[in-house]
Amino acid sequence: MSVMERIQSEVESHPIVLFMKGNAQFPMCGFSSRAVQALKAAGATQLHTVNVLEDPEIRANLPRFSNWPTFPQLFIHGELIGGCDITLELFESGELARMISETQRQ
């Protein structure tokens with residue numbers, strides 16, 4: 001399986017995927033930590049994280065897959081939502097909680 005297929009599989013296999021530095025229990029950068037905090041505060045209980053520091057192939061190819069240059073990267077139902085700033089904006093507006101609520105009902 002190619003790295004692009006592995007990324008696609010992660011995105012399709014989980015309703016909420018955060019490609020980040022570290023994991024939800026131990027984020028390894030401030031941006032990843034803030035994204036996890038926003039997701040948890042918005043009610044995410046089905047959060048799946050992928051530590052890009054543990055897989056150099058995913059770290060190198062994810063920006064090409066998503067056309068998004070930085071980490072973290074949030075996907076909900078296979079769709080790229082964005083990075084930390086967009087996640088925080090969606091959280092502050094209440095939109096992230098709505099998106100997560102819809103995801104967890106399915």
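When a residue number appears, it is its place in the shown sequence, counting from 1.
The nearest pair of heavy atoms linking Phe91 to Ala38 is CD1-O, 3.6 Å. The two residues Ile7 and Asn61 come nearest to each other via the heavy atoms CD1-C, 4.1 Å. Of all the heavy atoms in Ala24 and Val36, the pair that sits closest is O-CG1, 3.9 Å. When all heavy atoms are compared, the tightest approach of Val52 to Arg59 is O-NH1, 2.8 Å. In terms of heavy-atom proximity, Pro72 sits nearest to Leu18 at CB-CD1, 3.7 Å. The shortest heavy-atom contact between Cys84 and Ala35 is SG-N, 4.4 Å.
Heavy atoms from other residues, nucleotides or ligands lying under 6.0 Å from CZ of Arg6 number more than 12.
For the pair Gln73 (side chain) and Trp68 (backbone), a donor-acceptor distance under 3.5 Å is present. In this structure a side-chain-to-backbone donor-acceptor pair under 3.5 Å is present from Ser93 to Leu90. Checking side-chain atoms of Ser33 against main-chain N and O of Cys29 turns up no donor-acceptor pair under 3.5 Å. Put simply, the side chain of Thr103 gets close to the backbone of Met99: a donor and an acceptor are under 3.5 Å apart. With hydrogens and angles disregarded, no donor-acceptor distance shorter than 3.5 Å links the side chain of Ser32 to the backbone of Pro27.
Hydrophobic clustering places Leu62 together with Val3 (ILVMFWY residues linked when any side-chain heavy atoms are closer than 4.5 Å, directly or through intermediates). Hydrophobic clustering, with ILVMFWY side chains joined whenever heavy atoms are under 4.5 angstrom apart, keeps Phe26 apart from Met20. Tracing side-chain contacts under 4.5 Å through hydrophobic residues (I, L, V, M, F, W, Y), one reaches Leu80 starting from Ile16; they form part of the same cluster.
The aromatic rings of Phe75 and Phe19 lie perpendicular to each other, with more than 60° between the two planes, well past the 30° mark.
In this structure, Val50 and Asp55 have side chains that are not in contact, with every pair of non-hydrogen atoms separated by 4.5 Å or more. Counting heavy atoms from C-beta on, the side chains of Leu74 and Ile86 never come closer than 4.5 Å. In this structure, the side chains of His77 and Glu102 stay at 4.5 Å or more apart for every pair of heavy atoms.
Taking CD of Gln25 as the start and OG1 of Thr49 as the end, the distance is 6.5 Å to the nearest 0.5 Å. Between Ser9 atom OG and Met4 atom CE the span is 14.0 Å, to the nearest 0.5 Å. Separating the NZ atom in Lys21 from the OG1 atom in Thr70 is a distance of 9.0 Å, to the nearest 0.5 Å.
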**OP:** Take Phe65 and Val11 through the side-chain contact (heavy atoms from CB on, under 4.5 Å) test and state the conclusion after the steps.
**Re:** CA-CA 11 Å; Phe65 174 85; Val11 167; 4.2 Å; yes
Original post:
Given Leu47 and Ile100, is the side-chain contact (heavy atoms from CB on, under 4.5 Å) satisfied, shown in steps?
Top reply: CA-CA 10 Å; Leu47 175 60; Ile100 289 170; over 6 Å; no
